[in-house]
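Note sheet for the following structure.
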Amino acid sequence: MEVPDACEAQSSDTPRLSLEASTKLFGPQKSAKFLDMLPIPAAIVVLTSTGFGFEGINQAFRRAGLGVAAQSSPVIGLLGERIASFFASDERSIEFDWAFGDAVDCRYFRVKISRRKVDHVHKRALVTLIDNTSETRTENSLRREMMTDSLTGLPNRAGFTEQLETAIAERSRAAFAVLSINLDRFSRVNACMGGLSGDELLISVARRMKGALRVGDVVARTGGDEFTILMAVDDGPSDALHVAKRIEDSLVAPFRLSDFEIRVSCSIGIALGADQEGDAEELVRHAQFAVKRSKKTGRTEVYQTRAFDLARQEFGIETELRRAIDHGALRLAFQPICDLATGRIVAFEALSRWRTEQGVELSPTDFIPVAEESGLIVPLGRWAMAQAIETIAEWDRRAGGDCGVSVAVNLSAIQLQRDRVATMVRDILERHGVEGRRLTIELTESAIVADPDRTAHTIRALKELGTTLAMDDFGTGYSNLAYLQKLPIDVLKIDRSFVSGMLADRDKVAIVRAILSLAQALGMKTTAEGIETIELGQTLTALGCTYGQGYLYARPLPADQAFRLLSLCKN
């Protein structure tokens, strides 16, 4: 047996030594001394009918605390079966990593067992060990730092993902759930009180959350104000909901920061492992999707496949809608607004219509919310405004002058906040030579309430252009009468939910009567939406409503058909 076979891979400076040659020259007792020439722990191990023995060990082996007798050596005690298997095999050498000791004082070695030739009678091998304890501890320490959030001491996103992947690999999917937790108003605390106070709050929140969990559950900080929990479940959603309630309860007591007491609430989304087929990242993504719904509903939400499918469908709509806007694939339809006293058409409301590339006609209730969510409402609103004013200019040309009607265009609250609306409207009116009085801009209550100061400035700028301003869907949202009194609103539009079925519902009649009285007191005109019968139109006329809109007069029409209807009514 040649010693270099066992140690060449460990050190290029290791002396070459022939064990058999030294045995012939000096005998078995003296040959072991030559192991001291090796700088790493080494032992010659033999296996006889009476058990394992050391034919020789070197000083490095003794200093490493690996024993001087085979019976008491951890090498034999812990690796004996592996060495015996090596003797029974046809391998000439094997290498493997070995760790022994408790968690605090664990030691790590790279072990190599080798022999010159396979001999199942004379079982003798050289065992060498390279001590990697220092390097391994450093590596483990760095790894812990990489997997730990430095502020709270909790696992970070990478650490949590690793533990979740282990859970997916080792447990039944039905045995765990992931909870995503977002703190409400945390950004406000950060902005008002500074980053140090924000950090202090996060540390306190982490401590409370950890105290609210059960043994074995894991909480991690996976984002600025985002925490994620991996928990075992036995009874499905009920277990996860119970833990979510404990988390909420743990945050009820206010947090003391400087001279303030801060109350923190949270939104919680749950994804059950039993419902998922994807990887760890997908499971976390589903929990985050559920927490997004929780922010809207105000309660803990469990991920539902149907809701996720709807979200994916909305992303698909967003992608195709973006192309439709870029390529001019949308169109406007025009629904007449009539003077209830005379029956004359006084205006048309421009309504967006869209047929997808697959030929599916999508309702505005399907794609307008997607446009608002994605920010596409700004280019969509600009397109609708330009198209509507261009259409009224075209009608004037075909009529040989003023065609006698105005056009109403809806303005989203999102566009009102993000766009320079007054400048945009002025430029379009000037481009097509249309006076501002020919344009009615319809705003919702939410658009006015969302940012009152900015809205008031924009509305006054629009009034300076001569446009008419209408409040759409009045009564369905947050009606701030102070704003209604201060802002130059010209028309209140009564939502169809109050008008439809009004004749059979005294409460609806009372509501409509109250809106009409309010408008009259404020010097405003009114438009009732959703008029579908002659009786309903007559009743609204008798109550003092100014204008009417609905299927009784016409459904939304393409521009050419709307102009023909206008021409017929004039004749």
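Residues: numbered from 1 along the sequence shown.
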For the side chain of [X] and the backbone of [Y], is there at least one donor-acceptor N/O pair under 3.5 Å apart?
X: Thr526; Y: Thr546; answer: yes
X: Glu320; Y: Glu357; answer: yes
X: Asp505; Y: Asp507; answer: yes
X: Arg460; Y: Pro488; answer: no
X: Thr297; Y: Arg293; answer: yes
X: Arg263; Y: Phe255; answer: no
X: Ser294; Y: Ile268; answer: yes
X: Ser141; Y: Thr138; answer: no
X: Ser406; Y: Leu439; answer: no

Quick one: are [X] and [Y] in side-chain contact, heavy atoms under 4.5 Å?
X: Leu213; Y: Val243; answer: yes
X: Ile270; Y: Pro237; answer: no
X: Leu462; Y: Val421; answer: yes
X: Leu443; Y: Met471; answer: no
X: Thr467; Y: Asp490; answer: no

Self-check item: Pairs where residues 202-229 contributes a residue and the test salt bridge (charged side-chain N to carboxylate O under 4.0 Å, His left out) is met, not counting sequence neighbours
Solution: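 Output for this query lists Asp149-Arg221, Arg157-Glu226, Arg214-Asp217.
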Quiz prompt | Pairwise salt bridge (charged side-chain N to carboxylate O under 4.0 Å, His left out) hits with a residue in residues 325-335, at least two apart | solution =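 Residue pairs with at least one partner in residues 325-335: Arg331-Glu361.
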Self-check item: Which residues share a salt bridge (charged side-chain N to carboxylate O under 4.0 Å, His left out) with Arg299, sequence neighbours left out
Solution: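 In terms of salt bridge (charged side-chain N to carboxylate O under 4.0 Å, His left out), with neighbours along the sequence ignored, Arg299 is linked to Glu301.
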Quiz item: Under 30°, 30 to 60°, or over 60°: which ring-plane class applies to Tyr303 and His286, parallel, tilted or perpendicular?
Solution: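 Plane angle under 30°, so parallel.
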Determine whether more than 12 heavy atoms belonging to other residues, nucleotides or ligands lie under 6.0 Å from atom [atom1] of [X].
X: Gln520; atom1: CD; value: no
X: Arg513; atom1: CZ; value: no
X: Arg323; atom1: CZ; value: yes
X: Lys245; atom1: NZ; value: no

Looking at every heavy atom in both [X] and [Y], which two are closest together, and how far apart are they?
X: Leu154; Y: Ala206; value: CD1-CB, 3.7 Å
X: Leu540; Y: Met502; value: CD2-CE, 3.9 Å
X: Ala371; Y: Leu380; value: CB-CD2, 4.1 Å
X: Pro155; Y: Val219; value: CD-O, 3.3 Å

Rounded to the nearest 0.5 Å, how far does [atom2] of [Y] lie from [atom1] of [X]?
X: Asp184; Y: Ser267; atom1: CG; atom2: OG; value: 4.0 Å
X: Ile459; Y: Leu487; atom1: CD1; atom2: CG; value: 4.5 Å
X: Ile441; Y: Asp472; atom1: CD1; atom2: CG; value: 13.0 Å
X: Phe367; Y: Glu372; atom1: CZ; atom2: CD; value: 11.0 Å

Quiz item: Quick one: do Glu349 and Lys493 make a salt bridge, cutoff under 4.0 Å?
Solution: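 Counted as a salt bridge, because a side-chain N and a carboxylate O are separated by less than 4.0 Å.
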Quiz item: So among Asp239, Val218, Leu283, which one has a side chain to side chain contact (heavy atoms under 4.5 Å, CB included) with Phe176?
Solution: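 Looking at Asp239, Val218, Leu283, the match for Phe176 under the side chain to side chain contact (heavy atoms under 4.5 Å, CB included) is Leu283.
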